[in-house]
Amino acid sequence: MLPPRTSLEDCHIAGYDIPKGTILMVNTWSIGRNSRYWESPEEFIPKRFEGKDIDVTGQHFMLLPFGSGRRKCPGYSLGIRIIRATLANLLHGFNWQLPDGINPQDISMDEIYGLTTHPKLPLHFIMVPRLPHHLYK
Ligand code: HEM
């Protein structure tokens, strides 16, 4: 859910009459799993974004990781850079393996709902350094 909004005037949206002063919650979790907008929404398919002109900064309402409008996340640019740099370093610095006896299909994708969404069960990986040892000091 995005933080709540209050409607400033009476309006009519998607068949609903919304009186002035109504507190509105935008369910981005549900939008992200709506098959009207996403093919196989429950599947993790990063390639679905390849070659698509989908913006993450609040222009395309089917994907709102940083919200939208006047109250959208002011830290989105920093957030994107931190995630990109962290992920790139982890992938560059380590080969990733599953523990013995665990297959990719055994990994639980269950979530805990809250202000942010966390995995319900911890993820276990073995990180194998792939660069010369002195670079990790
Ligand atoms: C990947 C990282 C991040 C994600 C996914 C994220 C997501 C969000 C979302 C969904 C909102 C609510 C927007 C709305 O109501 O429309 C928000 C608000 C906010 N974020 Fe972020 N954020 C991230 C990083 C950051 C960073 C790095 C900062 C500051 C350095 C930051 C500062 C804020 C602030 C101050 C608000 C409240 C804005 C307001 O209510 O006017 N965020 N963020």
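Below, each value reflects all heavy atoms present in this structure, side chains not excepted, and no hydrogens, waters or symmetry copies. Whatever order the structure lists ligands and atoms in, that order sets their numbers, starting from 1.
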- Item | Salt-bridge contact Arg33-Glu111 (side-chain N to carboxylate O under 4.0 Å) |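 A salt bridge links Arg33 with Glu111.
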- Any donor-acceptor N/O pair, Arg48 side chain to Ser40 backbone, under 3.5 Å: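 It does hold such a pair.
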Might you point out which heavy atoms bring [X] and [Y] nearest each other, and give the distance in Å?
X: Gly58; Y: Leu64; answer: CA-CD2, 3.8 Å
X: Tyr113; Y: Thr117; answer: CD2-CG2, 4.5 Å
X: Met25; Y: Leu2; answer: CE-O, 4.4 Å

- Item | Ring center gap for Phe49 and Trp38 short of 6.0 angstrom |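 Yes, the ring centres sit under 6.0 Å apart.
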- Residues in contact with ligand 1, criterion: heavy atom under 4.0 Å: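 Close residues (ligand 1, cut-off 4.0 Å): Leu2, Pro3, Arg5, Pro65, Phe66, Gly67, Ser68, Arg71, Lys72, Cys73, Pro74, Gly75, Leu78, Gly79, Ile83.
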